[in-house]
Each structure stands twice: as C-alpha cells, then as structure tokens.
Protein chains: 4
Amino acid sequence: MQLPAENKPRWERRKDARPQELLAAALDLFVERGFASTRLEDVARRAGVSKGTLYLYFENKEELFKAVVRNSIVPVIGDAEVSIAAFEGHSADLLRQVIQNWWQRIGATKASGIVKLVMAEAGNFPELAQMYQEEVVTRGTMMIRGMLERAIARGEFRPVDVVQMTQVLMAPMLTLVTWKHSVGPCARAELNPDAFLATFLDMALFGLLPVDSRARPAA
Amino acid sequence: MQLPAENKPRWERRKDARPQELLAAALDLFVERGFASTRLEDVARRAGVSKGTLYLYFENKEELFKAVVRNSIVPVIGDAEVSIAAFEGHSADLLRQVIQNWWQRIGATKASGIVKLVMAEAGNFPELAQMYQEEVVTRGTMMIRGMLERAIARGEFRPVDVVQMTQVLMAPMLTLVTWKHSVGPCARAELNPDAFLATFLDMALFGLLPVDSRARPAA
Amino acid sequence: MQLPAENKPRWERRKDARPQELLAAALDLFVERGFASTRLEDVARRAGVSKGTLYLYFENKEELFKAVVRNSIVPVIGDAEVSIAAFEGHSADLLRQVIQNWWQRIGATKASGIVKLVMAEAGNFPELAQMYQEEVVTRGTMMIRGMLERAIARGEFRPVDVVQMTQVLMAPMLTLVTWKHSVGPCARAELNPDAFLATFLDMALFGLLPVDSRARPAA
Amino acid sequence: MQLPAENKPRWERRKDARPQELLAAALDLFVERGFASTRLEDVARRAGVSKGTLYLYFENKEELFKAVVRNSIVPVIGDAEVSIAAFEGHSADLLRQVIQNWWQRIGATKASGIVKLVMAEAGNFPELAQMYQEEVVTRGTMMIRGMLERAIARGEFRPVDVVQMTQVLMAPMLTLVTWKHSVGPCARAELNPDAFLATFLDMALFGLLPVDSRARPAA
DNA sequence: AATGAATGAGCCTTCATTCAT
DNA sequence: CATGAATGAAGGCTCATTCAT
C-alpha cells in the first residue's frame with residue numbers, strides 16, 4: 001500500500017488507459033481493413049481485451065469509429081485553426097505552412113487512413129458521413145476559405161472564386177491519401193508525397209499569386 | 001437470327017446479350033451501394049435472371065467487378081489516347097478538351113462511381129488494385145504525362161516536374177468523383193462540378209502557362 | 001430418368017412442404033421453450049434444414065411466430081364462428097359444445113401452448129401482442145359475447161352483464177392452458193382438465209340459467 | 001441510530017436495509033419486464049448499489065427471484081389463512097371477503113405481476129416452478145379447498161367436487177392478473193377488474209348456493 | 001443454359017457472473 | 001462490505017456460393 005516509489009498502479013492505469021488502447025487498436029484496424037470489414041473482436045484482441053470490454057467504453061461500432069475520428073482528426077483541425085488565426089506573414093507562406101502541417105499530422109500518419117476511409121465508406125453509413133461532415137469537413141473548409149479570403153483581402157493572391165478554390169486546394173491532398181491507401185501499395189515508387197506536394201504548391205502559388213508578384217517567395 | 005418462324009425460347013435468343021445485361025446491372029448497383037454492400041441476388045434480379053445464372057458468366061463477385069471495370073472505364077481510355085494523339089492545337093486547349101471529355105464520359109456518368117469505388121475498396125482486394133493499376137491508372141497517367149511533355153516541348157507550358165505534375169493534374173478530378181459519391185449527398189449544393197472544374201482549370205493554366213503568355217487563351 | 005411409375009417427386013414436395021415442416025417445428029419449440037428462449041437454429045435443425053433456410057420462408061423470428069399463430073389458432077376460430085352461427089338448439093348445449101370443441105382443437109393440442117405463450121410474453125413483444133389481439137382475442141371475444149346475447153335474447157340465460165360475463169367464461173379456459181404449460185408438470189395429478197371443465201360448466205350453467213329452469217338440461 | 005456524532009459512512013448504516021431495497025427494486029423490474037428480460041445491472045442501479053453487491057446478498061438471478069416471491073406473496077397467504085380460520089359468518093360472505101382481500105393485497109398491487117410472471121416463465125425455470133408450487137400454489141389451494149369444505153359442511157353451498165371447484169374459483173383471478181400484465185395495455189378499456197370480479201362472484205355464488213337459498217345474500 | 005432452394009460461416013451485440021482492488 | 005471492470009458464451013440475421021433439378 002505504502003511501498004516505496006515502486007509504484008505499480010497497474011490497476012488504475014488499466015481503466016484510464018483502456019479507451020486510448022482501444023482507440024489505437026481501432027485506428028489500426030479501421031485503416032487496415034476499412035470500417036465494414038473490421039471486426040470488433042479483432043479490435044478487442046489487438047487491445048488485449050475481450051469483445052465485451054469494447055462495449056463498456058463504446059456503445060457500438062459506429063460510436064467507436066466516431067471516437068477514433070474525434071481522437072485522431074478533430075484535434076488537428078483545432079490546432080490548425082489556432083495556428084492560422086495567429087499567423088501574421090505572407091499568405092503564400094501560410095498556405096505552405098498549412099499544407100506541410102497537414103501532411104505531418106494527418107497525411108503522413110495513420111489518421112490519413114481515416115480520411116480515406118470516410119470518403120470510401122461514407123455512402124453506406126450516413127450517420128458517420130454526417131458526423132464527419134460537421135466536425136471535420138465543414139471546419140476544414142472554413143479554415144481554408146478564411147485563409148483565401150485573407151490572402152485576397154491583403155492583395156497577396158489574385159481574386160478568385162473562393163468557394164471553388166477552397167475545394168480545388170483541398171482536392172489534391174485528399175487524392176494523395178486516397179492513393180496512399182488504395183493503389184499506393186501497387187504503384188511502385190510512382191507515388192512520392194513530398195514531390196507531389198511540392199509540385200502542387202508550386203503550381204497553386206504560381207496560379208494564385210498576382211501577376212506582378214511573379215517573384216514568388218521562395219519555397 | 002433469321003430462322004423461320006420457329007420462335008425459340010426467349011432465353012436462348014439472348015444468350016449473347018446476357019453478359020452485357022449483367023454488367024449493366026452490376027454497374028448500377030456497385031455504384032449505388034459499393035462493392036461489399038451489393039448483393040449478387042439484386043444484380044441478378046435487376047438483370048432479370050436468377051442468382052445462379054450469374055455464376056455461369058462470372059466466377060465470383062470479384063471477377064464480376066473486374067469485368068465491370070473493363071467494360072466501363074478501359075474503353076474510354078483508349079478513345080482518349082487516340083483523340084490526344086490526333087490533336088494539333090495549343091496545349092492549353094488540349095488540356096481543356098481532355099478534362100471536359102473526361103467529365104463527359106466518366107465524371108458525369110455512372111462510370112465515375114466505379115472510379116470512386118476502386119479507390120475505396122482496392123485496399124481490400126489487392127488483385128483488383130493490381131488489375132486497375134495496370135489497365136487504367138498506368139495508361140491514364142501515361143496519357144496525361146505525354147500531353148504535358150508535348151506542351152513543354154512546344155513551349156506552351158513552362159517547364160515543370162512532369163511526373164509529379166501529371167498526378168497533380170489528375171488529383172482534383174479524382175477527388176471530384178469521390179466527393180460526388182460519398183459526402184456529395186450530404187454537402188448540400190456546395191459541390192458544383194462545373195464551377196469546380198472551371199476554377200481548377202483556371203488555376204492550373206495560370207500556373208502552367210509561361211509568364212509571357214499571360215494573355216491566356218480564353219476558355 | 002425415365003424409370004417406370006416409381007415417381008419420386010422428392011424435389012418438388014420439398015419446396016411445398018417446407019413451410020409446413022418449419023411451422024410444425026416452430027410450434028413444437030415455441031411451446032416447449034417460449035418465444036424468447038427458442039433459437040431459430042433449433043427450429044431449423046428440428047425441421048431438418050439449415051439456419052438460413054428458415055429465412056427463405058419467414059422474414060424473421062416474429063413473422064415466424066405470427067405464421068404459427070395463423071396456422072394453428074386462427075383457423076379454429078373461423079370454424080367455431082361458422083359452427084356457432086349454424087347452431088339451432090338450446091344455448092346451454094351451445095356453450096357446452098363450444099367449450100368442448102375448444103378443448104379438443106386448442107386446449108388438448110399443442111396450440112394451447114401458443115395461447116399460453118402469448119399471455120406470457122406479449123408484454124415484451126408488442127407487435128405480437130397486437131397481432132394476437134386483432135386476429136384472435138377480438139374475434140374470440142365477439143364470438144362468446146354473441147353466444148351470450150343469443151342466450152339471453154331467447155330467455156335461455158338470465159340477464160347478465162355480457163361484456164364482463166364473456167371474460168368470466170373465457171378466464172378458466174385460459175388459466176387451464178396456462179397451468180398446463182407452467183406449473184402443470186409440477187402439480188402431480190391435481191390438474192385434471194376434463195374434471196375441471198365439467199365442474200366449471202356445471203357451475204357456470206347453474207349460475208346462468210334462469211331460476212325457473214333449474215331442471216337444467218343434463219350434461 | 002442514535003450514536004454520538006460519529007456519523008459512520010452511509011453504506012454501513014444501511015447494511016440491514018439493503019436486502020429489502022434490492023427486493024423492492026427487483027420486484028419493480030421483474031414485474032415491468034419479466035424474468036428473463038430483467039437485467040441485474042438495472043436492479044442494482046435502481047437500488048442504488050453496484051452490480052457486484054447484488055451477489056453479496058443473492059446467489060444468482062433465480063435466488064433473487066425466489067426471494068422476491070417469498071417477500072411479496074407468501075406473507076399474504078399466511079395472513080389469509082389466519083383470517084379464514086377466524087371467520088365465523090356465512091360462507092358466501094367469506095368467499096367475497098377472500099376474493100376482495102386477494103384483490104387488494106395481490107391483484108391490485110405489484111405482487112400481481114409476480115403471480116403472472118411465474119405462470120409465464122415457470123416452464124423455463126423448473127426450480128422456480130417447484131418452489132412456487134410448494135410455497136404458494138399448494139397453500140393457496142388448500143385454503144380455498146378448506147373454505148369450500150366448510151361451506152358445504154355447513155349446508156351453505158350445494159355439494160360439488162371440491163378439488164375441481166377450488167381450481168375453478170381460482171382460475172378467473174389468475175387470468176385477471178395475466179391479462180392485466182399482458183394484453184391489458186393493448187385491450188383498451190375492455191378490462192375492468194372490479195366489474196369482472198363482481199360478475200364472477202355473482203355467477204359463482206348463483207352457481208354454488210343451494211337452490212333453496214336463492215334469496216342470495218346481497219353483495 | 002437456367003433455376004432457386006439450400007447451405008453455413010460470419011459478425012454485432014447483450015448480459016449473467018466473476019474477481020481484483 | 002462494496003465496487004465495477006472484465007469476461008465469453010449465446011443468438012438473430014445476412015449473403016456469397018453451390019448443386020440438384
């Protein structure tokens with residue numbers, strides 16, 4: 001009870017750690033196999049617990065998935081919002097930073113699998129689609145749109161249709177993760193995310209900067 | 001065909017049409033519900049045959065799916081290759097034409113559902129991924145890359161990393177169909193394919209044309 | 001193939017016979033174990049088919065149960081209605097006949113188990129309760145009430161509250177089947193349906209006939 | 001209770017009350033949902049304790065149920081036995097009193113739910129059936145039979161088969177509670193316990209009193 | 001060639017019971 | 001005494017695939 005600093009709070013850690021352990025296992029398997037094909041029994045086993053234990057922490061498969069999204073994607077959006085709001089430099093640099101940040105925290109991590117998965121399976125699970133739409137897509141879209149509006153207002157980007165351009169800017173990143181998790185393993189080498197993003201940024205900035213600032217800020 | 005009035009049983013007359021009818025039904029349902037959620041019984045019923053008949057023409061669900069891909073996507077690639085090879089005008093116009101053509105024959109049709117589907121489920125069906133990679137992705141990529149090389153060689157586009165730019169150019173179109181078939185139904189209005197493509201083309205051409213041809217060819 | 005008149009229409013009989021075989025098996029098991037505790041796999045096994053086959057003929061467990069009710073109880077009601085409408089003698093004899101008929105066709109058969117089961121489990125399965133109420137209880141009640149009204153109109157029974165008396169007359173029969181299928185197996189001997197019904201009829205007729213016809217019709 | 005201001009932890013103070021609280025919670029839920037559908041976790045929650053605590057007081061679900069029966073039904077039988085033994089008036093009045101008393105203490109209370117429950121689920125839980133048979137049915141039956149024998153011996157009822165008549169007299173009361181807890185909620189209005197019991201008593205007494213005492217005692 | 005009845009493995013979810021703390 | 005996290009068996013339902021006719 002009052003042993004020295006040997007502390008073996010094994011029992012306590014269990015309960016608090018379980019949700020995270022389960023979410024980690026679920027993330028792995030959802031990314032590996034998709035939503036429909038992931039068996040809860042496998043999630044439980046990977047977390048080292050029994051099937052029933054899952055239901056102590058998550059009401060059902062869909063809620064588990066939502067929790068994974070809230071755990072792995074939503075916080076990144078929040079951070080990005082803060083980061084953008086605080087940015088003070090040139091919008092071209094902001095765009096670069098946002099994309100790089102997205103790649104580091106989502107694109108290059110397992111979370112990218114969730115992004116891809118939602119696009120792949122949302123059609124069959126409307127409730128998931130709606131939750132994702134509300135908590136991720138809408139916020140993410142607003143973020144990018146705000147960035148564009150700031151850039152145009154400051155005269156740093158030429159005037160464009162911000163609504164459409166927002167989507168145009170997001171599209172390549174989404175395709176990137178989609179490739180990564182579908183044909184990626186088949187397309188040997190061809191898929192080089194860093195070069196892809198650099199090329200995309202190059203073209204986008206070239207396409208967005210006003211003609212008179214052709215001397216674009218270096219990458 | 002022109003036999004006397006012996007009128008054979010209907011089913012025999014349609015022997016050759018069967019596969020096409022089945023493929024059409026399968027296309028419809030795969031697009032509507034995805035691969036896993038499509039029941040072969042429904043495919044059969046929509047084609048007006050019984051479940052067992054499907055197995056006379058296709059070994060199993062996966063083979064049926066491959067056949068659908070070969071039937072709905074591959075031919076379009078062939079036509080596009082011919083069309084590009086024959087083109088003689090300015091590369092900006094060629095790019096416009098290719099994208100418009102793609103939208104008319106794939107993006108706006110049911111075939112777009114297959115494109116999305118493959119990206120969604122390829123991960124779970126490696127064999128499918130490989131077949132798609134070989135018969136669709138590689139050929140499509142080569143086509144776009146060739147177009148870029150022609151444009152740069154003729155001095156109509158500024159020099160860029162053609163390998164990456166090829167992918168950058170394809171990405172928005174893929175995301176477009178993915179959206180159309182996943183969050184599309186959720187995102188009310190926000191998704192306007194024509195405006196999206198126009199904005200994308202605008203940015204891409206602005207980003208690709210040499211600085212001195214800023215007076216871009218009108219759309 | 002062209003054997004003599006050995007006719008082995010095994011295959012055809014199968015399909016037509018299946019529903020009845022399944023209903024018989026379901027009746028057995030529902031009566032033995034109740035609705036909730038009956039496993040569809042057991043029903044299937046008892047009918048000599050696999051679990052999936054059940055679902056070719058019945059949408060789900062509740063529909064199977066409804067079918068059992070419609071198969072084993074409802075027709076008896078119909079017959080009784082006809083029989084009562086055609087009866088021309090003294091109402092005391094009619095009452096005797098109805099009760100005896102009920103005992104022969106329901107009380108003494110497996111169908112009695114269904115009657116008991118509905119009373120036992122209706123609370124947990126509202127849809128079943130409603131169907132039973134509509135197709136059995138209401139019709140049965142109307143039948144008995146009509147009989148009472150006839151008897152009173154003809155001066156063969158003394159005037160009573162027909163609504164309540166209808167229920168009073170049905171109650172002992174329902175308790176009888178309930179006992180039979182619950183405590184019955186425990187109560188050694190004590191439960192003698194024939195003596196019970198005779199005693200009940202004796203009391204009921206003694207209680208229903210007008211005082212001046214105390215010379216009751218013999219049993 | 002009146003200890004100094006040492007105020008012990010709440011749970012210790014209530015140690016003796018626990019079983020009663022648990023039984024009350026169990027009674028509520030068993031009546032509401034039946035034996036099989038009642039979850040022990042709900043019982044525990046309603047009693048304000050944890051699931052594990054239940055097992056400190058009751059070995060398992062069946063034992064809990066038996067305890068509920070012993071707590072809510074058995075004592076009423078005891079009281080009734082005493083009350084009958086002490087009665088000195090006319091047997092018709094005794095029968096009325098017994099039935100009214102039963103209605104007040106069982107029929108109109110939650111205990112009626114237990115009576116119904118046993119009839120409904122005894123088949124699947126033989127041990128419950130036996131316990132109920134021994135501690136409730138047998139004693140109750142003996143009680144009524146004794147009453148009938150007294151009535152006949154005193155010439156207040158006409159001679160009948162007392163064994164069967166005992167059951168005939170109990171049957172409507174059992175059906176009443178069964179209805180109340182099954183189809184009751186479905187059958188709008190039709191079920192009026194007071195009118196039902198009055199009608200039943202009227203018929204029973206009319207059927208049991210000797211012909212020469214036709215001037216029956218008023219209700 | 002065509003049928004469609006039959007199969008049976010597969011998966012989500014529930015809940016009585018146990019036991020480490 | 002009390003807790004509540006953990007277990008794991010059980011069951012309804014689906015659907016790709018087979019095969020007797």
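Lettering of chains follows the sequences in order, A, B, ..., and the numbering in each one begins at 1.
Here the P atom of nucleotide E/dA5 and the OH atom of B/Y55 are 16 Å apart, to the nearest Å. Atom CD in C/E59 sits about 10 Å away from atom P in F/dC13, given to the nearest Å. Taking atom NZ of A/K61 as the reference point, atom C1' of E/dT14 lies 17 Å away to the nearest angstrom. The nearest whole Å value for the distance from the CZ atom in D/R45 to the P atom in F/dA2 is 18 Å. A/F58 places its CZ atom 16 Å from the C1' atom of E/dT13, with the value rounded to the nearest Å.
Side chain B/K51 to base F/dT17: a donor-acceptor pair is found below 3.5 Å.
Of the residues in residues 24-42 of chain D, D/T38, D/R39, D/L40 come within less than 4.0 Å of DNA chain E through at least one heavy atom, sorted by number.
In terms of phosphate contacts, D/Y57 brings a side-chain nitrogen or oxygen within less than 4.0 Å of OP1 or OP2 of F/dA2. Dashed line: the shortest gap from a side-chain N or O of A/T53 to OP1 or OP2 of F/dT7 is under 4.0 Å.
Electrostatic pairing of D/E127 and D/K66 counts as a salt bridge here, judged by a charged N lying under 4.0 Å from a carboxylate O.
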Bracket notation of DNA chain F in which parentheses pair within the strand, [ ] cross earlier pairs, and | pairs with another strand (Watson-Crick or G-U, under 3.5 Å): .||||||||||||||||||||
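Of the two residues contacting DNA chain E, namely B/L56 and C/V49, the nearest-nucleotide position lying further toward the 5' end is that of B/L56.
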